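Quick note on labels: first sequence line is chain A, next is B, and so on, each numbered from 1. Because the structure is a prediction, the values reported are computed rather than measured.
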There are 2 protein chains.
Amino acid sequence: MSVIRGARERARAEVGAAIKEEAGRQLAAEGAAQLSLRAVARELGLAPSAVYRYFPNRDDLLTTLIVGAYDALGAAAETALADAGTADPLRSWMAVCRAIRGWALARPHEYALIYGSPVPGYDAPPDTVGPASRVPLALVGVVEAADAAGALTLFPGSGQQDEGVSADARRLFQDPGRTIPLTAAVRLVAVWAQLFGLISFEVFGRFDRIIDARDDVFDRAVLDLAHQAGLRPTGTGSAAESAAGR
Amino acid sequence: MSVIRGARERARAEVGAAIKEEAGRQLAAEGAAQLSLRAVARELGLAPSAVYRYFPNRDDLLTTLIVGAYDALGAAAETALADAGTADPLRSWMAVCRAIRGWALARPHEYALIYGSPVPGYDAPPDTVGPASRVPLALVGVVEAADAAGALTLFPGSGQQDEGVSADARRLFQDPGRTIPLTAAVRLVAVWAQLFGLISFEVFGRFDRIIDARDDVFDRAVLDLAHQAGLRPTGTGSAAESAAGR
DNA sequence: GTCTATAAACCGATAGAC
DNA sequence: GTCTATCGGTTTATAGAC
């Protein structure tokens, strides 16, 4: 009995995975707004109604894909962070940013799904916020490691301007276990946005016929962003750059 | 005869403008991928086929909207640049960036149309590149004015890293009439991407429940971007900020 | 230049047989 | 859990009358 149920559940998981995979393919070809349960079923040789045994509706399938993309990108960032160690914060920073960019360039359509324009008529359910915060939390981890090593510039003079900062930022970044200073957290949010601006322009083709030396331009900009986030250069000028692993 | 033709052309232009306007409304409601000629016709009390007298197909209507959005945003940036004058490059920089952000926040759907993820299955025709470059050229204008005033940091030490820069950047930014140094041009491209990352996050709601003091965060980040672009601060620390018009 | 009518597709979702 | 059949809606685009 439990053997049968085991086999049944395995079969169910396999079909579910096949649907998810085919949906991912169609996502790449047509975009999220045009994702169609019918087309997925057609391609898999299923009746359209069969798909509803696995996903109650279209938005639910979309949510699964979105969560999968967030998790894959988050895992890439976390792995890069773990591999880089905590010895050199600037090196960790570069590693995480490069891992994010690498993932985005390798899977442009999944990237567009989570960091492109919002899908019209789709409201992200609360299940997505956990996976979505893995990347920003990896960046927070780098800043916290730098802070612990005394390598974080606190910009005490600019504390005044950051005064008007929201209670929400406080709630998000000062929960138990987080050690990042509030002013650094707010700076980091802006840096986060700028990092993804850089990546989005490249992924969406806005650098085509404009920039060829994209690795160099990215590294240079990300180094500036590290400074903007408060990470102190480990040396002077180009020494910092070589320390970052060029 | 020419009077009749004049009236006819006027009527034609009016209907064409009405179609464009209604299409813009639907764009705001449903997104670019869902833009439907039929729905436009329905709302205007026209037969679907009548719209084809004005736009040969759906993509052509979309192109018209895209060009319109690029031109409107470009005009906003150019106006801000002209109003700010050339006396204080940092002030001009802030003015142009704020104008871009203001336009984007006021017309989020038109912004998404031109700076969101690419519409699947739609290839931007060459007509769009002229209007699309008005905003980057306004930013170039600020940097060139700073250069003329001797307020541009040339980063001579980092000329080495920018060596691998594309011939395309050279062609784009060193054509007749442009005076921006090539290294500054390449830096500016990265800054341009980061600026729009900042704006996109805000427009697409990624700052919701995270940042409330968005004006302050934006100004702070854009000031850092100015520095990254080579604009020298006009004074020290917070003096630069007040000079920028806070 | 606008209309009606129509072709030839597409979609999400459900009911009920097996 | 998969199927057929179906409801009720959508779309782009064209043909031909007026």
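- Between A/R12 and D/dG1 there is a side-chain N or O to OP1 or OP2 distance below 4.0 Å.
- A/S200 places no side-chain N or O within donor-acceptor distance of the main-chain N or O of A/G197, the cut-off being under 3.5 Å.
- Using a 4.0 Å heavy-atom cutoff across all strands shown, A/A47 reaches at least one base atom of the nucleic acid.
- The CG atom of B/N57 lies 8.0 Å from the CG atom of B/L37; values are rounded to the nearest 0.5 Å.
- Between the side chain of A/S36 and the base of C/dC11, no donor-acceptor pair of N or O atoms lies under 3.5 Å.
- Within the 4.0 angstrom heavy-atom criterion, only backbone atoms of the sugar-phosphate kind lie near A/A39; the bases stay farther away.
- With a 6.0 Å cutoff to the six-membered ring centre and a 45° limit on the axis angle, A/R101 counts as a cation-pi contact of A/F218.
- Residue-to-nucleotide contacts include a donor-acceptor pair under 3.5 Å from the side chain of B/S49 to the base of C/dT4.
- One atom, OH of B/Y122, and another, C1' of D/dT12, lie 17 Å apart when rounded to the nearest Å.
- The separation between B/Y52 atom OH and C/dT2 atom P is 15 Å, rounded to whole Å.
- Between the C1' atom of D/dT2 and the CD1 atom of A/I19 lies a distance of 12 Å, rounded to the nearest Å.
- Atom pair B/Q34:CD and C/dG12:P shows a separation of 12 Å (rounding to whole Å applied).
- A/R53 comes within 4.0 angstrom of a nucleotide base, judged by non-hydrogen atoms across all strands.
- Regarding B/Q26, its CD atom lies at a distance of 9 Å from the P atom of D/dT11, rounded to whole Å.
- Side-chain atoms of A/L37 lie closest to C/dA13 of the nucleotides D/dA13, D/dC3, C/dA13.
- Between the CZ atom of A/R8 and the P atom of D/dG1 there is a distance of 7 Å, given to the nearest Å.
- In terms of modelled atom types and a separation under 3.5 Å, the side chain of A/E144 and the main chain of A/I180 share a donor-acceptor contact.
- Interface remark: the A/R38 side chain does form a donor-acceptor pair with the C/dG12 base, using a distance-only criterion of under 3.5 Å.
- Within the 4.0 angstrom heavy-atom criterion, only backbone atoms of the sugar-phosphate kind lie near A/L35; the bases stay farther away.
- Among residues two or more places apart in sequence or in another chain, the salt bridge (Lys or Arg N to Asp or Glu O under 4.0 Å) test is passed with B/R25 by B/E21, B/E22.
- Between the CZ atom of B/R42 and the C1' atom of D/dT11 there is a distance of 10 Å, given to the nearest Å.
- Rounded to an integer number of Å, the gap from CG of B/L44 to C1' of C/dG1 is 15 Å.
- Using a 4.0 Å cut-off, no side-chain N or O of A/Y54 falls inside it from OP1 or OP2 of D/dG1.
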